[in-house]
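See below for the structure under consideration.
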Amino acid sequence: MFSSCFFHVLVTFLSHKGLLNRSLSDPSPRTCLPWETLPGARSPRQQLASSCVDLNGNQVENPIDIVINVIDQNDNRPEFTHNIFNGSVPEGSKPGTGLFLVMTVTSVDKDDPKTANGMLRYKILSQNPQSPSSNMFTINNRTGDIITVAQLLQNPTFPYTLIIQATDMEGNPTYGLSNTATTMIRITDVNDNPPEFTTDTFFGEVHENRVNVIVANLTVTDKDQPHTAAWSAVYRIIAGDPTGRFSVPTDPTTNEGLLTVVKPIDFEQTRSFMLTVEAENEIPMARGIHLPRQSTATVSVRILDLNEAPEFSPNPKSIKLEEGLPSGSLLTTFTAQDPDRYMRQTIRYSKMFDPANWLEIDAVNGRISTIAVLDRESPYVKNNLYNVTFMANPPASGTGTLQMYLLDINDNAPHVFPPEVEMCERPDPSGINITASDPDLNPNAGPFAFELPNRPSDVRRNWTLARLSG
């Protein structure tokens with residue numbers, strides 16, 4: 001870019017008529033000086049119209065055009081497009097050019113780019129930290145491309161700060177104008193370290209029938225940057241758990257695998273598990289890196305026995321029988337099985353709930369007998385059903401329900417209503433309505449037959465019966 005400047009322009013006028021106090025034999029040059037700064041910044045080329053006049057202002061020569069080329073001065077410093085440039089490069093990157101280009105810094109100069117005044121050159125003034133070398137990067141002095149020139153550290157915990165200088169005059173340190181900018185280069189983590197178990201075999205134990213219990217903490221080491229996708233482990237059971245009894249979620253803080261029971265395990269069916277667990281990262285490994293043997297471990301899980309309650313089967317147990325059975329009648333046998341078959345415990349039975357107190361159970365063999373007459377019409381019977389709960393122990397207790405469906409028998413006489421009536425000597429009307437009810441079910445209830453008793457004899461003489469309905 002051109003800027004305004006003061007200068008002298010030498011213009012030679014030759015007077016052919018000698019009207020400028022000069023004769024043809026004295027062709028002295030005339031000098032023109034600009035009255036103001038030429039606007040070279042707007043245009044590198046100025047065109048002036050000139051004429052020659054005498055002392056009285058009379059034109060003595062035809063006008064001529066004067067073309068002035070304004071020569072650019074180096075009066076503008078380079079300006080970076082940013083005060084701070086940010087870039088990144090994968091850890092462990094080897095020296096290279098295009099493949100490991102870190103970033104590009106750019107600067108502009110308002111001077112003429114076709115002259116040395118606007119031709120810029122870049123260089124790195126400083127690098128911090130200077131580890132493992134003080135020359136980890138280089139810059140293309142013409143394009144501003146920054147590339148690696150030394151092997152980068154694995155898993156560094158710091159960024160690199162570079163001070164970049166741009167100088168015009170093609171980088172001439174004596175005549176060129178300079179400016180600086182800062183670059184922050186962050187070393188990004190790549191997944192070049194697989195998780196490795198801290199031991200080949202882990203051990204754990206859990207009581208049977210427990211769920212959502214952590215059995216063992218599986219620990220791994222990973223040299224990648226903590227709490228990144230390249231560090232976080234994902235655990236997978238690859239053998240030993242065909243029914244899906246376990247899972248291995250990851251503790252996000254410690255990166256440990258938490259071997260957890262997710263389905264109940266029966267000690268009487270399975271006493272131990274030998275699991276094979278594999279650890280991977282959340283993202284794939286870098287190219288050419290494979291999981292080592294240390295990324296797989298064995299977990300030995302021992303199942304602990306619990307004293308489980310005896311189990312009645314079936315539960316509830318349903319039987320159907322007629323009401324009215326006398327006391328001492330054998331109804332059925334209701335027994336339970338102890339899941340802890342290896343403990344060889346003796347089961348004892350007892351009655352837990354019998355609201356009408358109709359039954360008893362033999363403590364040894366589970367035989368159930370009546371100790372009172374069964375009555376379907378009892379208020380404890382609902383919809384012909386009567387439930388009794390029994391218990392089997394020791395030491396853990398299991399319960400079972402005996403559900404009795406009572407069949408009706410004709411064991412209840414009809415009840416006349418009203419049972420008793422007071423009447424005047426000459427009543428009006430002279431009759432009363434009589435009905436009957438029976439708590440039994442059909443066909444042991446209505447229809448009813450009504451008749452007057454034979455005694456006393458005046459009943460039949462004074463009263464008669466007539467059917468109204470039914």
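Just so you know, residue 1 is the first one in the sequence shown, and it goes up from there.
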Modelled atom types, side-chain donor and acceptor of Asn135 and Gln127, under 3.5 Å = no
Take atom CD in Glu282; do more than 12 heavy atoms of anything else shown fall under 6.0 Å from it?
-> yes
Lys351 side chain vs Leu359 backbone, donor-acceptor pair below 3.5 Å = yes
Passes side chain to side chain contact (heavy atoms under 4.5 Å, CB included), Asn281 versus Asp222? Steps please.
-> CA-CA 9 Å; Asn281 290 124; Asp222 195 309; 3.0 Å; yes
Ring-face cation of Lys320 near Tyr405 (centre distance under 6.0 Å, axis angle within 45°) = yes
Is there a side chain to side chain contact (heavy atoms under 4.5 Å, CB included) between Leu331 and Thr370 once you walk through the steps?
-> CA-CA 7 Å; Leu331 301 184; Thr370 60; 3.8 Å; yes
Any Asn393 side-chain heavy atom under 4.5 Å of Arg348 side chain = yes
Quick one: list whatever passes side chain to side chain contact (heavy atoms under 4.5 Å, CB included) with Asn255, sequence neighbours left out.
-> Val220, Trp231, Ser232, Ala233, Thr250
Before giving the answer on side chain to side chain contact (heavy atoms under 4.5 Å, CB included), spell out for Leu374 and Leu406 the whole-Å C-alpha distance, their side-chain angles and the decisive distance to 0.1 Å.
-> CA-CA 8 Å; Leu374 306 182; Leu406 297 180; 4.0 Å; yes
More than 12 non-hydrogen atoms from neighbouring residues, nucleotides or ligands closer than 6.0 Å to NZ on Lys317, yes or no?
-> yes
Assign the ring pair Phe137 / Tyr160 to parallel, tilted or perpendicular, where the plane angle (0 to 90°) is split at 30° and 60°.
-> perpendicular
Taking Thr104 as the fixed residue, which of Thr143, Asp145, Asn140 is the one that meets the side chain to side chain donor-acceptor pair (under 3.5 Å) rule?
-> Asp145
Between Arg271 and Asp305, is there a side-chain N and carboxylate O pair less than 4.0 Å apart?
-> no
Could you list the donor-acceptor pairs under 3.5 angstrom formed by side chains in residues 256-264, with sequence neighbours left out?
residue: Glu256; atom: OE1; partner: Asn217; partner atom: ND2; Å: 3.0
residue: Thr260; atom: OG1; partner: Leu258; partner atom: O; Å: 2.9
residue: Lys263; atom: NZ; partner: Thr243; partner atom: O; Å: 3.2

Evaluate the ring planes of Phe197 and Tyr235, with Trp represented by its six-membered ring, and classify them as parallel (under 30°), tilted (30 to 60°) or perpendicular (over 60°).
-> tilted
